[in-house]
Amino acid sequence: MSEWKQRCESEWSLQGAPMPGSLDWKSVFDARPLGRNLLKNPSPHGLSKDTPPPEPDLPEFPTRGPPRFQPDGDFSDWTTSLEVLPYDMSGIPEGAVVCELPQCSWFTMEQVVDLKAEGLWDELLDEFQPEIVIQDWYEESQLHASIYQLQVRLLGADKITVISEHSVNPSEDLSNYSHNWKEVSHVFSGYGPGVRYVHFQHRLKSQFMMEFYTTLFTGSSVMVRPTKTSS
């Protein structure tokens with residue numbers, strides 16, 4: 001066994017995993033595809049889950065600015081899209097005069113992780129099937145009962161075939177004020193052969209009424225964990 005192959009096996013406890021001799025094990029070791037976050041720019045707002053989310057800036061005398069729906073942040077490496085939602089007129093009595101209504105929007109961010117480009121190899125993904133660990137943190141913004149959605153898909157080599165997927169659409173409790181980070185996590189295991197890509201997509205809700213308010217996130221993560229899973 002080559003020195004670099006031995007180092008990979010020892011570094012990630014890959015005893016029993018298929019490790020073909022044809023691979024460039026120094027390149028695999030340098031890529032370090034196991035045990036690290038494979039998403040790029042996981043915290044575009046520059047925030048950490050270890051620090052409470054910032055309190056919203058509430059002006060004493062708000063003045064209506066131009067409508068705004070795009071949050072601030074460096075969203076490089078993310079594909080983003082915006083969906084402005086219609087005004088919610090439910091609960092307003094017929095004939096009532098409404099001076100101002102909040103307007104909400106979904107801001108969607110997604111990335112596709114190429115597992116082989118990150119240094120993983122076919123035999124490991126198909127036979128050993130290491131765990132694929134998803135983690136995300138979003139702010140309790142209290143803007144609405146639905147402020148966060150997550151969808152993660154494990155895709156085949158064609159980037160179309162869905163081999164496994166997981167979705168989260170939590171409902172927030174607005175009866176008591178709370179303003180912390182909320183964790184979302186999932187572990188894909190025993191997903192079967194053929195996985196080559198991970199499509200990570202989450203949506204966060206913003207609201208405009210006189211001022212702009214958004215739901216922040218931090219610490220998005222896709223990690224391949226060197227643990228064999230049972231089929």
Side-chain angles (χ1 to χ4, degrees), residues 36-88 90 100-113 132-153 165-188 198-223:
R36 69 173 173 89
N37 189 0
L38 301 180
L39 287 179
K40 298 175 174 60
N41 189 19
S43 303
H45 301 294
L47 302 172
S48 168
K49 66 178 178 60
D50 298 321
T51 302
E55 292 296 327
D57 183 16
L58 301 175
E60 185 177 358
F61 302 105
T63 57
R64 181 180 177 85
R68 176 188 166 195
F69 301 102
Q70 170 96 15
D72 293 327
D74 172 15
F75 298 104
S76 55
D77 298 306
W78 293 91
T79 299
T80 65
S81 59
L82 184 67
E83 178 189 2
V84 179
L85 303 174
Y87 287 105
D88 182 5
S90 62
E100 192 79 34
L101 276 176
Q103 188 165 22
C104 294
S105 58
W106 283 112
F107 186 60
T108 301
M109 291 145 284
E110 54 190 311
Q111 285 190 43
V112 177
V113 176
I132 299 176
V133 183
I134 310 300
Q135 189 177 48
D136 205 11
W137 299 79
Y138 72 95
E139 173 197 16
E140 291 180 300
S141 62
Q142 301 270 315
L143 295 180
H144 191 271
S146 175
I147 56 174
Y148 174 90
Q149 296 175 354
L150 172 71
Q151 182 183 62
V152 183
R153 297 177 177 178
E165 63 182 312
H166 179 71
S167 298
V168 177
N169 185 14
S171 181
E172 305 300 310
D173 179 9
L174 303 180
S175 60
N176 294 299
Y177 181 77
S178 180
H179 188 222
N180 298 299
W181 296 112
K182 295 186 79 170
E183 180 185 10
V184 178
S185 62
H186 179 71
V187 178
F188 287 99
V198 180
H199 179 218
F200 180 102
Q201 175 183 285
H202 62 190
R203 311 172 81 203
L204 294 108
K205 187 164 285 181
S206 300
Q207 182 186 93
F208 179 84
M209 189 175 74
M210 302 288 285
E211 300 284 338
F212 176 75
Y213 306 98
T214 193
T215 302
L216 303 170
F217 76 96
T218 189
S220 304
S221 176
V222 172
M223 181 183 297

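Atoms considered below: every heavy atom in the structure, side chains included; atoms not considered: hydrogens, waters and symmetry mates.
- Counting only heavy atoms from C-beta outward, the side chains of Trp106 and Gln149 approach each other to under 4.5 Å.
- With values rounded to the nearest 0.5 angstrom, Phe208 atom CZ is found 12.0 Å from Cys104 atom SG.
- Taking the side chain as every heavy atom from C-beta outward, Ile134 and Phe188 approach each other to under 4.5 Å.
- By the 4.5 Å heavy-atom criterion applied to side chains, Leu150 and Phe200 are counted as neighbours.
- Side chain of His144 to main chain of Ser146: a donor-acceptor pair is present (N/O by atom type, distance under 3.5 Å, no hydrogens or angles).
- Residues Val168 and Pro170 are in side-chain contact: their nearest non-hydrogen atoms beyond the backbone lie under 4.5 Å apart.
- Between the side chains of His179 and Glu55, a donor-acceptor pair is found at a separation under 3.5 Å.
- Using bins of under 30°, 30° to 60° and over 60° for the plane-to-plane angle, the ring pair His186/His166 lands in the parallel bin.
- The closest side-chain heavy-atom distance from Pro53 to Trp181 is below 4.5 Å.
- Between Trp78 and His202, the two ring planes are parallel [angle under 30°; tilted spans 30° to 60°].
- Phe107 has its ring centre less than 6.0 Å from the ring centre of Phe75.
- Between atom NZ of residue Lys205 and atom OG of residue Ser141 there is a gap of 9.5 Å, rounded to the nearest 0.5 Å.
- Side-chain contact of Asn169 with Tyr148: a donor-acceptor pair under 3.5 Å is absent, judged by distance alone.
- Within the 4.5 Å cutoff, the side chain of Tyr138 has heavy atoms near those of the Ile147 side chain.
- Between atom CD of residue Glu110 and atom OG of residue Ser81 there is a gap of 6.0 Å, rounded to the nearest 0.5 Å.
- Proximity of Ile132 to Val187: side-chain heavy atoms (C-beta onward) are nowhere separated by under 4.5 Å.
- Inspection of the Glu140 and Ser178 side chains reveals an N or O donor paired with an N or O acceptor under 3.5 Å.
- In this structure, Glu172 pairs ionically with Lys182, as a charged nitrogen and a carboxylate oxygen lie closer than 4.0 Å.
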